[in-house]
Student: 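The structure that follows is given in the form of C-alpha cells.
Values reported hereafter were calculated over all heavy atoms of this structure, with side chains retained and with hydrogens, waters and symmetry mates removed. Each chain gets a letter, A, B and so on, in the order its sequence line appears, and its residues count up from 1.
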Amino acid sequence: MNDSIKQNLDIFRKETRAWLEANCPESMRQPVTSPNDLYWGGRNAKYISDDQRIWFERMLEKKWIVPYWEEKYGGGGLNNIEHKILTEEMTKLGCRKPLFSFGISMLGPALLKFATAEQKLKYLPEIVQGKIRWCQGYSEPGAGSDLAGLQTKAEDMGDHYLVNGQKVWTSYGDKSDWIFCLVRTNFEVSKHKGVSFLLIDMASEGVSTRPIKLISGKSPFTETFLDNVKVPKGNLINEPGQGWTIAKYLLTHERQMIGGVGETGTPPQLSEVAQECIGLTNGILSDSILRSKVAKFEMDEAIFDYTIERIIDEAKAGNNSGALSSFFKYYGTELNISRYELMLALQGYDGLAWEGEASNEGQLARLFCRTKGNSIEGGTSEIQLNIIAKRILGLPSS
Amino acid sequence: MPLIITEEQQMLKTSVKELLKNKGAITNLRKLRDDSDPIGFDKELWKEMVDLGLSGLVIPEAYGGLGFGYTGLGQVLEETGRTLTASPLVSTVLLSGTAIRLGGDVMQKEQLLPEIAGGNIVIGFASEEGKHHAPKLVKTAATLQGDSYVINGTKKMVLDGHVADKFIVVARTNGAVDEEAGIELFVVDAKTEGITTERIIMMDSRNAALVHFKDVKISANSRLDGFTNGGYALLEKTLDIARIGLAAEMLGGVNEAFERTIAYLKERQQFGVIIGTFQALQHRAAKMFCEIELCKSIVIKALKAIDADSPDLARLASLAKAKLGEIYQLVSNEGIQLFGGIGMTDDEEIGFFLKRARVVQQTLGDTNFHLDRLARMRFF
C-alpha cells in the first residue's frame, strides 16, 4: 500500500472514531442484553428509546446503515478497507448495530447479484431506510431437508401470479412486511428447475401467519399461509426457474450467520461456570468426568475460532478454500449445542427453572431448548455433511 | 500475524515433498523394518535432507544454520509425517537442537549447533522415566562432586538413543521427585563410562532406547545454564516447541491417511456400487474433514507462536498436541475400518499410520495429558 493511501485511511479512521464518539448515544454503546434491545425497523416499528431512534437516524443520514452498498441504493459506498475500519471502530466503542435486518444480511446480497436495475432501486433503499422488514419463505410442511420438493404454487395468470401454498419456519413472519419466497412456477420440469424466487407484500389479501410455539416456550417463527394471493409479475427475481440458484447463494449467507456467533452477546466461559457450580478440590474441578468434558469443549471452541481466523486469512491471500460454509454451519452449531448441554449439566437443579426472576424467566433452560434447532434450521447437520461429502470430498452420489 | 505460510515456506515444503516422494516413501520404512536395519533410519536420505538444509532450519546463521524458523520446520515435519519418514529430525533438531539453542552458553552452542546443522551428530533427548509423559517425574540424580556431576538413573523412550553420539539428559540436582526446582539439563557424551543403551524397536518400526546411567561422571560445565528462568523452564519451553513440531508431523499423517481413505472410498465396489456412495460412510468422511480443518488451524497458529516468541506458547502447544492426538487416533482408526479387510493386511500401507499414530500420540503427552494441562491453566 502506498503512503498516500495509507495516510488517507489513517485520516478516515480518526474521523470515523470522532464521529462515532460524538454521535453514538451512551446507551447505544451498552451490550445487548435482550432480543428486545434490537431495532428491526418495518412498517410497525417502534423504538424502545429516544436514543435508539437518534442513533438510527444519525447513522441513516451518515449512510452507514449499510456502509458497503453503493450510494444509489442508500449505502455509504465504502470500500472493503474503509468498511473494516468502521466495523473495528464501532466494536472498540461497543456501538450497537443501528438496524437488524434480513433485508441487509440475506435478501440484499441476492438482489444485488440476481435482480434487475429497476428492482434493485425499488427494494434496496427501503431496506436501508428500515421501512420494510423482510422475512424468508423457504421451508414447507412437506419440504424441510428436501427443500427443492416445495409445492407452493405460483400460477402465471398473464398480468400476475396467483400464489397458493403454505410456508413454515418463517422467522418473525408475524412482524414482517414482505416475504421473499421460493415458489413453484413449473410442475413439468425436474424439481430444482421449476422453482422461482418471488417477493410478496404480506399486506396483500390472502396472506396470513400463525406463530409456532417452540419447546423453549417462545415463538420466533410462524406458519405463513398464502391463499389465492395476487402478486405482480414484476416481483419475480431473475428468470422463472432460477429460484434454486438464488436460494443456494442465499443459504450460504444464512449458514454463516447461524454457524457464527450466537444471537445476543458473548456466551459464558464454561470453565468459569464450572468453577462456580461444581467447586474445586485441590485446584481441580470436583467432578472429574465433567472436567474432562469441559476441557475438551473449550479446546474445540478455541480451535474453531482459530479456524475462522485462518480461513479469513487464506481468503485475503487469495486462496479460496471452496464451499466451507457447510463446515462452519455444521461445526459451529454442534459446538453451540454441546455448550448448552454442558451448561445445563453444570447448573444442575438451578438450570431447570422455567419461570421466575432468579432464573431470568428460565433463560438457560429456554436457550438450551432453542439450541436444539440450530442443527435443523438452515439445512440440518446431516444435509451439511452430505454437501461436504459431495462437493468438497467429491464422493459420488448413489 | 496471518495464519498462512509464506511463499518461501511453501517452496521449502514443495521441495521436501519432492525429495520424500520417492526416497522417503513408506516402502523405505518397510525396508528398514524388514531388514532389521541397525540404525533405524536411512543415512543416505538423511544426508540429502541435510544437504537441503533441513537440519539447520531452526539454528541461527551465526551457528551455521539458516535461521529459517519453526513455521518452516513445521512444513518439513508435515511432509515427513505424510511419508512416515524416519530421521533424526525430531530427536536431534526439534528436541535437542532447541534445548541447546535456548539453554546453551556460547561455548556449548559453538560446539554443538554447527554439528547439528551439518548433520554430523545424533543427539538423544533423555527426559522420560515413567509409563507416561511426565516432565516433572525426574528421579535421575545429578550430584555435584568437586568440578563434576555424577549422573545415576534410567531414561525411557530416548528417540534414536541407540545410535546417539550425545544425550541431553534431564536430571535432578536437588528437590523431591515431581518438584520443578532442581531439574536441570546436561549435555552428555554417549561414550562416557557408565552409559548402557538398550535398543527398543517400537510398533511404528522406529527406535527409542532405554538408557542407563551408572555413576556417569561429566564436567560441571556440561549443564545447559544459559536460560534465564532455570532448568525446568528450559525443559518446558523445549517440550512445548517440540510438541508443536510433533503436531505438525501428525497433521501430515492425518492428511495422508485421510486422503488415502477417501481415494479408497471412490474406488472400492460392493453390491455393484462404489462404497463412497453410501451415506453412512460419507458422513464419517465429512466429520473427519471438519476435524481436520481444526487441526490445520491449530498447527499453523502454534507454529507461528513459536516464531513470534508468544507468551501463549504453552497453551497453544497443549491445544495442538491434544487435538492432533485425538484426530490422528480417529483418522487412523477410521482408515482401517473403511479399508475393511485389506486394511488389516501388512501389504496395505494404511496400517503404518495407525502404528505411527499411537507412538506419536504418547510422545510428549497424549490428549488426556494435554487436556488436563489446559484445564489447570484455566484453574479448574
Student: Let me know if A:Glu382 has heavy atoms under 4.5 Å from chain B in its side chain, its backbone, both or neither.
Tutor: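 Interface part for A:Glu382: both.
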Student: Determine whether more than 12 heavy atoms belonging to other residues, nucleotides or ligands lie under 6.0 Å from atom CD of B:Gln10.
Tutor: yes
Student: Just wondering, do A:Lys296 and B:Leu371 contact through their side chains at under 4.5 Å, heavy atoms?
Tutor: yes
Student: If you count heavy-atom pairs under 4.5 Å between each of B:Asp372, B:Leu374, B:Ile274 and chain A, which one has the most?
Tutor: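 Highest number of pairs under 4.5 Å: B:Asp372.
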Student: Given a strict heavy-atom distance threshold of 4.5 Å, which part of A:Ile284 is in contact with chain B: side chain, backbone, both, or neither?
Tutor: both
Student: Is the NZ atom of A:Lys372 crowded by more than 12 outside heavy atoms at less than 6.0 Å?
Tutor: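 Enclosed.
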Student: More than 12 non-hydrogen atoms from neighbouring residues, nucleotides or ligands closer than 6.0 Å to NZ on B:Lys136, yes or no?
Tutor: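 It does not: B:Lys136 NZ has 12 such atoms or fewer within range.
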Student: List the atom of B:Ala286, the atom of A:Ala389, and the distance in Å for their closest heavy-atom pair.
Tutor: CB-N, 4.2 Å
Student: Please walk me through it: do B:Glu326 and A:Met299 pass side chain to side chain contact (heavy atoms under 4.5 Å, CB included)?
Tutor: CA-CA 11 Å; B:Glu326 180 201 359; A:Met299 167 181 78; 3.3 Å; yes
Student: Counting neighbours of CD on B:Glu8 that are heavy atoms of other residues, nucleotides or ligands and sit closer than 6.0 Å, is the number greater than 12?
Tutor: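 Atom CD in B:Glu8 is not crowded, with 12 or fewer foreign heavy atoms closer than 6.0 Å.
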Student: CG of B:Leu316 to OH of A:Tyr306: how many Å apart, nearest 0.5 Å?
Tutor: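 Here the interatomic distance stands at 5.0 Å.
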Student: Above 12 or not: heavy atoms from other molecules or residues under 6.0 Å from CD of B:Gln269?
Tutor: yes
Student: Is any side-chain heavy atom of B:His283 closer than 4.5 Å to a side-chain heavy atom of A:Ile388?
Tutor: no
Student: What's the shortest heavy-atom distance between B:Leu294 and A:Phe327, and which atoms?
Tutor: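 Looking at all heavy atoms of both residues, the shortest contact is CD1-CZ, 3.7 Å.
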Student: Given the rule in the side-chain hydrogen bond (donor to acceptor under 3.5 Å, both in side chains) test, do A:Asn386 and B:Gln279 qualify, once you have shown the distances and angles that lead to the verdict?
Tutor: CA-CA 8 Å; A:Asn386 286 349; B:Gln279 196 179 39; 2.9 Å; yes
Student: With a 4.5 Å cut-off on heavy-atom pairs, point out which of A:Ile278, A:Asp305, A:Asp300, A:Ile312 contacts chain B the most.
Tutor: A:Asp300
Student: For A:Arg310 and B:Ser297, which heavy atoms make the closest approach, and how far apart are they?
Tutor: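 Residues A:Arg310 and B:Ser297, closest heavy atoms: NE-OG, 2.9 Å.
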Student: Heavy-atom cut-off 4.5 Å, strictly under: side chain, backbone, both or neither for B:Phe380 against chain A?
Tutor: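 Contact with chain A is through both the backbone and side chain of B:Phe380.
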Student: How long is the span from the CE atom in B:Met377 to the CD atom in A:Glu298, to the nearest 0.5 Å?
Tutor: 12.5 Å
Student: Heavy-atom pairs under 4.5 Å with chain B are the metric here; pick the option from A:Ser397, A:Ala295, A:Pro396 that has the most.
Tutor: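 Max contact count across the listed options: A:Pro396.
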Student: Highest number of heavy-atom pairs under 4.5 Å with chain A: which of B:Glu291, B:Lys301, B:Lys296?
Tutor: B:Lys301
Student: If you count every heavy atom of other residues, nucleotides or ligands that lies below 6.0 Å from A:Lys193 atom NZ, does the total exceed 12?
Tutor: no
Student: Donor-acceptor pair, A:Asp313 side chain versus B:Ile4 backbone, under 3.5 Å?
Tutor: no
Student: Just give me the residue among B:Pro2, B:Ala322, B:Cys290 that pairs up with chain A most often, heavy atom to heavy atom, under 4.5 Å.
Tutor: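 The option with the most such pairs is B:Cys290.
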Student: In Å, rounded to the nearest 0.5 Å, how long is the span from CZ of B:Arg378 to CG of A:Leu270?
Tutor: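 It comes to 9.5 Å.
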Student: Is A:Glu314 reaching over with its side chain to a backbone N or O of B:Leu3, donor-acceptor style, under 3.5 angstrom?
Tutor: no
Student: Quick one: closest heavy-atom pair of A:Leu395 and B:Gly276, and the distance?
Tutor: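 For A:Leu395 and B:Gly276, the tightest heavy-atom pair comes out as CB-O, 3.8 Å.
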Student: Tell me, side chain or backbone of B:Ile300 under 4.5 Å from chain A's heavy atoms, or both, or neither?
Tutor: side chain
Student: Hey, which of A:Lys390, A:Lys316, A:Arg291, A:Gln275 has the most heavy atom pairs under 4.5 Å with chain B?
Tutor: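 Most pairs with chain B among the choices: A:Arg291.
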Student: Does NZ in B:Lys131 sit with more than 12 non-hydrogen atoms of other residues, nucleotides or ligands closer than 6.0 Å?
Tutor: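 Counting neighbours around NZ of B:Lys131, 12 or fewer heavy atoms of other residues, nucleotides or ligands fall under 6.0 Å, so no.
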Student: Nearest 0.5 Å please: distance from the OG1 atom of B:Thr261 over to the CG atom of A:Leu393.
Tutor: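 One gets 11.0 Å once the value is rounded to the nearest 0.5 Å.
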Student: Let's test your reading of the structure: which of A:Ala274, A:Ser286, A:Gly394 forms the most heavy-atom pairs below 4.5 Å with chain B?
Tutor: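 Highest number of heavy-atom pairs under 4.5 Å: A:Gly394.
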Student: Look at the side chain of B:Glu293 and the backbone N and O of A:Thr307, then say whether any donor-acceptor pair between them is shorter than 3.5 Å.
Tutor: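 No, B:Glu293 side chain to A:Thr307 backbone: no donor-acceptor pair under 3.5 Å.
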Student: With only heavy atoms counted, which part of B:Arg315 is less than 4.5 Å from chain A, the side chain, the backbone, both or neither?
Tutor: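 Only the side chain of B:Arg315 comes within 4.5 Å of chain A.
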